[in-house]
Amino acid sequence: MSEEEITEATATEEAKPPLAPGLEMALAPPEEQEGDARRRRGPDPLAGLRVWQPRTRLGRMVRNGQVYTYEQAIDTGLPIREVEIVDALLPELTDDVLSVNMIQRMTDSGRRVRFNVLCVVGNGDGYVGLSVCKGKEVASTIRKAIDRAKLNLIPVMRGNGSWESSEGPGNSVPFKVTGRSGSTRVTLMPSPAGKGLVIGDYGRRVLNLAGITDVWSRTAGQTRTTINFARATFNALIELNLTRITDEDRRRLNITKGRTMR
């Protein structure tokens, strides 16, 4: 290959728009190592991106490299209706199945069994989603709950709102906020760094995936209801985003929303 051809090939590679992180991982050639065949178990999470044919305008923009971060996708104002968009822009998402409940119902034809699955997904750095799905089989219902939670992602507002903390950024909630679901009410309050998540187990798992590490909490109502407790915690994070905040309070409380871009 001549120097001119090498220069043209290099210029063509540099002219290509950057792809989303998930697409780069999916389209990159696999690195085969000794023993990979034995360790590889279960379906490949990136297999869907390799054969993905976008059906929406935003999906085509992500596939063509016009949008390569989740923040850019939100700024477009277009709805996110394909789970592959989230997989391409946020490949580091982690899912957690909070509960799987079996529901039995007697009908004229016999006993009818269905499953109720509560799932939460998050990247541990400012994005979290939660969903509840019902289905006839456990595996397919869990897959559907994970996909629906990815389409229900919200940015999480974090800050340093505790009077016990010193100045600087924090991973707590910036101010007190209450979320409700059914009769369950969960109030999140700012706490100093190092205090940890002082909340029930299901609320703790939601906040962990949201990227919040320190919080006080107060609960009321039927707090033993798993779904309502997790939903109330998630709804409290939604209420944070609905609160109007001045620029002065945003600087004073060191508020960040979404990912901490490093």
Side-chain angles (χ1 to χ4, degrees), residues 13-28 43-96 119-133 142-159 169 171 173-174 179 206-212 230-231 233-245 247 250 255-262:
E13 292 180 357
E14 292 178 353
K16 290 182 179 179
L19 290 177
L23 285 174
E24 287 186 352
M25 295 169 58
L27 299 178
D44 185 2
L46 301 176
L49 289 177
R50 297 190 183 100
V51 297
W52 177 36
Q53 296 296 329
R55 301 181 300 276
T56 62
R57 179 183 174 187
L58 181 58
R60 289 189 289 270
M61 293 172 66
V62 173
R63 182 71 179 181
N64 297 333
Q66 296 173 294
V67 175
Y68 50 89
T69 65
Y70 194 77
E71 290 75 18
Q72 290 180 348
I74 295 176
D75 292 339
T76 61
L78 299 173
I80 300 176
R81 294 175 177 170
E82 297 181 74
V83 69
E84 290 85 0
I85 296 176
V86 182
D87 291 335
L89 301 178
L90 293 174
E92 68 275 11
L93 282 179
T94 304
D95 58 80
D96 186 5
C119 180
V120 61
V121 300
N123 66 342
D125 188 23
Y127 286 105
V128 68
L130 183 139
S131 71
V132 180
C133 288
I142 290 176
R143 183 71 261 170
K144 183 170 68 172
I146 292 174
D147 291 345
R148 188 172 296 179
K150 289 180 179 179
L151 297 177
N152 195 29
L153 280 181
I154 62 169
V156 180
M157 186 182 297
R158 293 164 292 171
N171 285 329
V173 291
V206 173
L207 295 178
N208 266 328
L209 290 180
I212 295 177
R231 272 181 168 174
T233 306
F234 183 72
N235 290 339
L237 300 178
I238 295 177
E239 289 296 324
L240 284 175
N241 296 332
L242 299 178
T243 305
R244 294 184 179 180
I245 306 172
D247 293 338
R250 193 177 297 275
I255 293 178
T256 59
K257 190 174 181 180
R259 284 188 292 182
T260 305
M261 305 303 290
R262 298 180 177 86

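Quick note: numbers below take in every heavy atom, side chains included, and nothing from hydrogens, waters or symmetry partners. Small disclaimer: the values here were computed from a predicted structure and weren't measured.
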Distance in Å, [X] [atom1] paired with [Y] [atom2], rounded so as to fall on 0.5 Å steps:
| X | Y | atom1 | atom2 | result |
| --- | --- | --- | --- | --- |
| R57 | T76 | CZ | OG1 | 8.0 Å |
| L19 | L49 | CG | CG | 11.0 Å |
| R259 | Y70 | CZ | OH | 10.0 Å |
| C133 | R148 | SG | CZ | 3.5 Å |
| L23 | R50 | CG | CZ | 11.0 Å |

Search all heavy atoms of [X] against all heavy atoms of [Y] and return the closest pair with its distance.
| X | Y | value |
| --- | --- | --- |
| A210 | L237 | CB-CD1, 4.1 Å |
| A88 | A20 | O-CB, 3.3 Å |
| G258 | R158 | O-NH2, 2.5 Å |
| R81 | L151 | C-CD2, 4.1 Å |
| G22 | P91 | N-CG, 3.8 Å |
| A149 | S131 | N-OG, 3.4 Å |

Is there a side-chain contact between [X] and [Y] in this structure, where contact means two heavy atoms from C-beta onward sitting under 4.5 Å apart?
| X | Y | answer |
| --- | --- | --- |
| K150 | I146 | yes |
| V128 | I154 | yes |
| F234 | V120 | no |
| I85 | W52 | yes |
| R231 | V132 | yes |
| T243 | M157 | no |
| L93 | N123 | yes |

Output yes when R143 and D95 qualify as a salt bridge under the 4.0 Å nitrogen-oxygen rule, no when they do not.
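No.
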
Checking side chain to side chain contact (heavy atoms under 4.5 Å, CB included) against I80, which of L89, T56, V62, V86 comes through?
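When L89, T56, V62, V86 are each tested with I80, the side chain to side chain contact (heavy atoms under 4.5 Å, CB included) holds only for V86.
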
